[in-house]
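Below is one structure, written out as structure tokens, with a few remarks after it.
As the structure lists them, so they are numbered: ligands from 1, and atoms in each ligand from 1. Computed over heavy atoms, backbone and side chain alike; hydrogens, waters and symmetry mates excluded.
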Amino acid sequence: MEIALLGGTGDIGEGLALRWAYDTDHEIVIGSREADRAAGKAEEYEVELDSRGVDVDIAGESNADAAAGADVIVLAVPAYHLADTIEAVVDDLADDAILVTPAVGMKRDEAGFHYNRPGVGSVTELAAEAAPEGVPVVGAFHNLPAGRLANLDADLGIDTAIVGDDGDAVETVTTLAEDIDGLRAVDAGPLANAAEIEAITPLLINVAKNNEGMHDLGVRFQ
Ligand SMILES: NC(=O)c1ccc[n+]([C@@H]2O[C@H](COP(=O)([O-])OP(=O)(O)OC[C@H]3O[C@@H](n4cnc5c(N)ncnc54)[C@H](OP(=O)(O)O)[C@@H]3O)[C@@H](O)[C@H]2O)c1
């Protein structure tokens, strides 16, 4: 499959790109608002993989070019820029494209991080509202620790909860998630359940911050 990571120049994009490139044969395309930045990051990822004996081509392009022709498009951008990012690529999406959002809206105060739930219910549902008619949106990867993903020496042993209203799209994203070694996908139901997943992310950050030796936390449902 061709997987485009819009904002793949950032932390979660890097982690997912490295893991998919390391563990699978999927074609990875890094997107950015600046094509040059995407190309530079793609090269960095190639160098990291090459140092581990994996010779792979990773493309780096503008978000629109990255989205064009991709089977699955991961919106690896800050929550408040999700709708703009979808808007910027909407004319380039393939007919059967699937949009995936890992985005979580958070605010921070002196106590810690808090889930900033948008009026529509969740950031995932915000993405679904911004998506063109007929393009399925799946919520996934919200609770993954980017640093642990990007460290290819680290065993994952964690879960990602997946939400979506389109069964085929959920199945595709579930398979892609499980193609990453040590990552298990669990079905958390329809998009209307996304807020419960998104709200776990600030909890993970608060626990990491308040407990010595805990960092890059993920979730394992058992
Ligand atoms: N970091 C994590 O551990 C983690 C885990 C799970 C989920 N998430 C979610 O994944 C998303 C990305 O997180 P991240 O930590 O990777 O974020 P990030 O590194 O801060 O940003 C990712 C990319 O977003 C792009 N971006 C920044 N401002 C933008 C804007 N105004 N409009 C469009 N694109 C913009 C940038 O790419 P260009 O400048 O190259 O365009 C940037 O490299 C967030 O919604 C976050 O909640 C993060």
Side-chain angles (χ1 to χ4, degrees), residues 3-20 28-45 58-67 73-90 92 99-108 113-118 122-128 130 137-151 154 156 158-163 173 177 180 183 185 188 194-209 214-219:
I3 307 172
L5 291 144
L6 309 191
T9 51
D11 294 338
I12 192 76
E14 174 174 6
L16 288 170
L18 288 175
R19 289 283 171 170
W20 272 318
I28 307 302
V29 186
I30 302 303
S32 167
R33 290 167 296 171
E34 298 288 338
D36 286 352
R37 187 156 52 233
K41 278 289 183 180
E43 202 179 322
E44 267 180 39
Y45 303 162
I58 299 181
E61 300 172 348
S62 69
N63 281 335
D65 286 347
I73 295 129
V74 181
L75 302 156
V77 299
Y80 309 104
H81 302 297
L82 210 53
D84 294 351
T85 302
I86 295 173
E87 181 64 30
V89 304
V90 89
D92 301 282
L99 295 176
V100 178
T101 168
V104 173
M106 288 185 288
K107 53 189 175 193
R108 184 183 190 174
F113 286 83
H114 308 281
Y115 179 45
N116 195 11
R117 186 176 183 163
S122 66
V123 177
T124 306
E125 289 163 287
L126 207 61
V137 170
V138 173
F141 313 127
H142 299 95
N143 309 136
L144 298 187
R148 196 148 127 211
L149 279 184
N151 175 5
L156 293 180
I158 50 176
D159 293 339
T160 182
I162 309 230
V163 283
V173 176
I180 294 177
L183 188 60
E196 285 68 31
I197 299 172
E198 294 175 13
I200 294 172
T201 300
L203 171 64
L204 291 171
I205 298 172
N206 291 333
V207 170
K209 195 167 145 250
M214 287 196 178
H215 51 85
D216 282 340
L217 297 179
V219 168

When you measure from [atom] to every protein heavy atom, which one gives the shortest distance, and what is it?
atom	answer
atom 8 (N) of ligand 1	Pro102 O, 3.8 Å
atom 15 (O) of ligand 1	Asp11 CB, 3.7 Å
atom 21 (O) of ligand 1	Pro78 CD, 4.0 Å
atom 2 (C) of ligand 1	Ala146 CB, 3.5 Å
atom 11 (C) of ligand 1	Val77 O, 3.3 Å
atom 10 (O) of ligand 1	Ile12 CG2, 3.4 Å
atom 39 (O) of ligand 1	Arg37 NH2, 2.6 Å
atom 32 (N) of ligand 1	His81 CB, 3.4 Å

For Ser32, the ligand 1 atoms whose distance to one of its heavy atoms is below 4.0 Å: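 This gives 38 (P), 40 (O), 41 (O) as the contact atoms.
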Within the supplied structure, the quantity of interest is the number of heavy atoms (other residues, nucleotides, ligands) at a distance under 6.0 Å from Glu196 CD; does it exceed 12? yes
For the pair Leu82 and Val77, evaluate side chain to side chain contact (heavy atoms under 4.5 Å, CB included) and give the outcome as yes or no after the intermediate values. CA-CA 6 Å; Leu82 210 53; Val77 299; 3.9 Å; yes
For [atom], which of the options [options] provides the nearest non-hydrogen atom?
atom	options	result
atom 5 (C) of ligand 1	Leu6, Leu144, Asn63	Leu144
atom 42 (C) of ligand 1	Ile30, Thr9, Val123	Thr9
atom 12 (C) of ligand 1	Ala76, Gly40, Ser62	Ala76

Would you find a donor on one side and an acceptor on the other, under 3.5 Å apart, between the side chain of Asn151 and the backbone of Gly147?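 No; judged by distance alone, with no hydrogens or angles, the pair does not exist.
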Please report whether ligand 1 has a polar contact with [X], defined as an N or O pair separated by less than 3.5 Å (distance criterion only).
X	answer
Gly10	yes
Phe141	no
Arg33	yes

Record the part of Ala79 in heavy-atom contact with ligand 1 below 4.0 Å; permitted values are side chain, backbone, both and neither. backbone
Taking a cutoff of less than 4.0 Å between a non-hydrogen atom of the residue and any ligand atom, is Glu34 in contact with ligand 1?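 No heavy atom of Glu34 comes that close to ligand 1.
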Proximity flag Asp84 to ligand 1, non-hydrogen atoms under 4.0 Å: no
Residues Glu61, Val29; criterion side chain to side chain contact (heavy atoms under 4.5 Å, CB included); working and verdict: CA-CA 7 Å; Glu61 300 172 348; Val29 186; 3.7 Å; yes
My question is simple, although I want it checked carefully: is atom 17 (O) of ligand 1 less than 4.0 angstrom from any protein heavy atom? no
